[in-house]
Chemist: 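Structure incoming, see below.
All of these numbers come straight from a predicted model, not from anything done at the bench.
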Amino acid sequence: MTTLFISDLHLEESRPDITGAFLRFMNEEAPRAEHLYILGDFFEAWIGDDEHTPLQEQVAAALRTLSGNGTRIFLMHGNRDFLLGEDFCARAGATLLDDPTLIDLYGTPTLLMHGDSLCTADVEYQKFRANMRNPKTQKLILARPLKDRQQMARQLREMSMATNSDKAEDIMDVTPDEVVRVMEAHDVPRLIHGHTHRPAEHTLKVNNKTAKRIVLGDWDKNLWWLEANPGLEPELKKAPL
């Protein structure tokens, strides 16, 4: 019995090395897992389930094969692929998760998040996030022609890169008080998230008890995953791309 967690692969056509690493992971690591959780930013951009690129179809096929062999797959939205929907999940044999989602991980209540909502010091981004997660906004976006959405995705990426280059590092990390607030609200001793690209394990106090926050890594230079097994502490693992 094994559960695996990954996030922030940022799959895109211009990074075939990451796609190749993901496919190796699906062949070598994932088949032994009973559950695979993908906690956001699986794709670098997602403009709607009606786009069917070769990369998207290749990834969906790999997920579907894994699911067909008995591994349950769960997908969570990130800040890059928040328009990913039920149609893609159906093609991939996956289940779409809310952010946050509470699970029982071999006896330990564990909160799963992408992590961007924890970065409350970035006020500008949180306003953008609230607008983009609004169902009315998403409906308007998805009603636009595919070509328009492709252009919009390119523009948003360029804006994001320009804006983030001027932001202080601490603004782009989680807000410690928000982490504690969210964990206390859900009364959990463990939080697993991605987004920040700062893989690590952090010990903190939640409701006057020792708790742990585990941050998943991004797949830029290494594969990162978290492996959980019954009776053992979850372990962050990495391998070169």
Side-chain angles (χ1 to χ4, degrees), residues 3-10 35-42 46 72-85 89 94-135 137-138 160 163-164 167-218 224-228 233-236:
T3 297
L4 301 176
F5 302 85
I6 59 176
S7 72
D8 299 279
L9 279 70
H10 297 274
H35 299 122
L36 171 64
Y37 289 89
I38 305 172
L39 301 184
D41 283 2
F42 187 32
W46 193 268
R72 295 193 65 191
I73 303 170
F74 301 90
L75 284 169
M76 182 177 286
H77 290 137
N79 53 295
R80 299 282 186 176
D81 50 13
F82 55 85
L83 290 176
L84 192 148
C89 287
T95 300
L96 195 60
L97 291 181
D98 291 331
D99 181 1
T101 284
L102 178 62
I103 66 169
D104 181 335
L105 186 58
Y106 304 124
T108 300
T110 301
L111 192 64
L112 308 180
M113 304 178 72
H114 175 56
D116 57 333
S117 63
L118 299 170
C119 303
T120 56
D122 193 345
V123 176
E124 180 182 339
Y125 169 71
Q126 293 302 330
K127 291 179 180 177
F128 172 80
R129 184 184 190 276
N131 182 44
M132 288 294 145
R133 298 303 178 95
N134 187 316
T137 301
Q138 294 188 0
S160 175
T163 302
N164 289 343
K167 289 179 181 176
E169 284 294 313
D170 58 335
I171 288 179
M172 297 174 65
D173 201 356
V174 301
T175 304
D177 289 348
E178 179 66 7
V179 170
V180 173
R181 186 194 70 78
V182 169
M183 294 184 71
E184 287 185 343
H186 290 85
D187 193 22
V188 292
R190 183 191 290 140
L191 166 65
I192 300 172
H193 72 83
H195 178 65
T196 63
H197 299 188
R198 302 178 186 192
E201 297 186 11
H202 303 272
T203 301
L204 63 157
K205 288 290 185 180
V206 172
N207 290 325
N208 296 316
K209 298 177 182 178
T210 300
K212 183 170 287 188
R213 175 171 68 95
I214 304 175
V215 187
L216 304 173
D218 65 298
W224 285 95
W225 69 94
L226 180 70
E227 181 173 324
E233 284 295 308
E235 183 181 359
L236 271 173

Chemist: Any chance you could lay out the side-chain contact (heavy atoms from CB on, under 4.5 Å) test for Val188 and Val206, step after step, and finish with the verdict?
Modeler: CA-CA 8 Å; Val188 292; Val206 172; over 6 Å; no

Chemist: Mind checking ring pair (Phe, Tyr, Trp, His ring centres under 6.0 Å) for Tyr37 and listing every partner two or more places apart, or none if nothing turns up?
Modeler: Phe5, Phe74

Chemist: Should we count CZ of Arg72 as having more than 12 external heavy atoms under 6.0 Å?
Modeler: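 Counting neighbours around CZ of Arg72, 12 or fewer heavy atoms of other residues, nucleotides or ligands fall under 6.0 Å, so no.
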
Chemist: For side-chain contact (heavy atoms from CB on, under 4.5 Å), just list the numbers for Asp98 and Thr101, CA-CA rounded to whole Å, side-chain angles, deciding distance to a tenth of an Å, and then say yes or no.
Modeler: CA-CA 6 Å; Asp98 291 331; Thr101 284; 4.0 Å; yes

Chemist: Parallel, tilted or perpendicular for His195 and His114, by the 30°/60° rule?
Modeler: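 Rings of His195 and His114: perpendicular, over 60°.
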
Chemist: Do you know which two heavy atoms are closest between Ala211 and Met183, and how far apart they sit?
Modeler: CB-CE, 3.9 Å

Chemist: Are the side chains of Asn79 and Asp41 in contact, using a 4.5 Å heavy-atom criterion?
Modeler: yes

Chemist: With rounding to the nearest 0.5 angstrom, report the CG to CD1 distance, Asp8 to Ile38.
Modeler: 11.5 Å

Chemist: Are Leu118 and Asp173 close enough that some pair of their side-chain heavy atoms sits under 4.5 Å apart?
Modeler: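 No, too far: nothing below the 4.5 Å cut-off.
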
Chemist: Do Glu201 and Glu233 have side chains that approach each other closer than 4.5 Å (heavy atoms only, starting at C-beta)?
Modeler: no

Chemist: Could you give the distance from CZ (Phe82) to CD (Gln138), rounded to the nearest 0.5 Å?
Modeler: 6.5 Å

Chemist: Between Leu83 and Trp46, is there a side-chain heavy-atom distance shorter than 4.5 Å?
Modeler: yes

Chemist: Using side-chain contact (heavy atoms from CB on, under 4.5 Å), reason through Lys212 and Leu191 one step at a time and then give a plain yes or no.
Modeler: CA-CA 6 Å; Lys212 183 170 287 188; Leu191 166 65; over 6 Å; no

Chemist: Identify the heavy atoms of Leu112 and Met76 that sit nearest to each other, and give their distance.
Modeler: O-CE, 3.5 Å

Chemist: Report the distance from atom CE of Met113 to atom CG of Leu97, rounding to the nearest 0.5 Å.
Modeler: 13.0 Å

Chemist: Around atom CG of Asp104, are there more than 12 heavy atoms from other residues, nucleotides or ligands closer than 6.0 Å?
Modeler: yes

Chemist: Quick one: does any side-chain atom of Thr175 pair with a main-chain N or O of Thr120 as donor and acceptor, under 3.5 Å?
Modeler: yes

Chemist: Nearest 0.5 Å, please: how far is NE2 in His35 from OG1 in Thr3?
Modeler: 6.0 Å

Chemist: Are His77 and Leu96 close enough that some pair of their side-chain heavy atoms sits under 4.5 Å apart?
Modeler: yes

Chemist: Under 3.5 Å, is there a donor-acceptor pair between the side chain of Glu235 and the main chain of Ala228?
Modeler: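 Between the backbone of Ala228 and the side chain of Glu235 there is no qualifying donor-acceptor contact (under 3.5 Å).
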
Chemist: For Pro100 and Leu111, which heavy atoms make the closest approach, and how far apart are they?
Modeler: CB-CD1, 3.8 Å

Chemist: Side chains of Pro176 and His202: does their closest heavy-atom pair fall under 4.5 Å?
Modeler: no

Chemist: Closest heavy-atom contact between Pro199 and Leu236?
Modeler: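 That would be C-CD1, 4.3 Å.
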
Chemist: Going from NE2 on His197 to CG on Leu216, what distance comes out if it is rounded to the nearest 0.5 angstrom?
Modeler: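 It comes to 10.5 Å.
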
Chemist: Any idea which heavy atoms bring Cys119 and Thr196 closest together, and the distance?
Modeler: SG-CG2, 4.4 Å

Chemist: Is the shortest side-chain N to carboxylate O distance from Arg80 to Asp218 below 4.0 Å?
Modeler: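 So Arg80 does not pair with Asp218 through a salt bridge.
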
Chemist: Is any side-chain heavy atom of Cys89 closer than 4.5 Å to one of Leu75?
Modeler: yes

Chemist: Quick check: do His193 and Asp116 have side-chain heavy atoms less than 4.5 Å from each other?
Modeler: no

Chemist: Please give me the minimum heavy-atom distance between Arg213 and Val215, naming the atom from each residue.
Modeler: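 Nearest pair, atom of Arg213 first, then Val215: NH1-CG2, 3.3 Å.
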
Chemist: Once you round to the nearest 0.5 Å, how far does NE2 of His186 lie from CG of Leu102?
Modeler: 7.0 Å

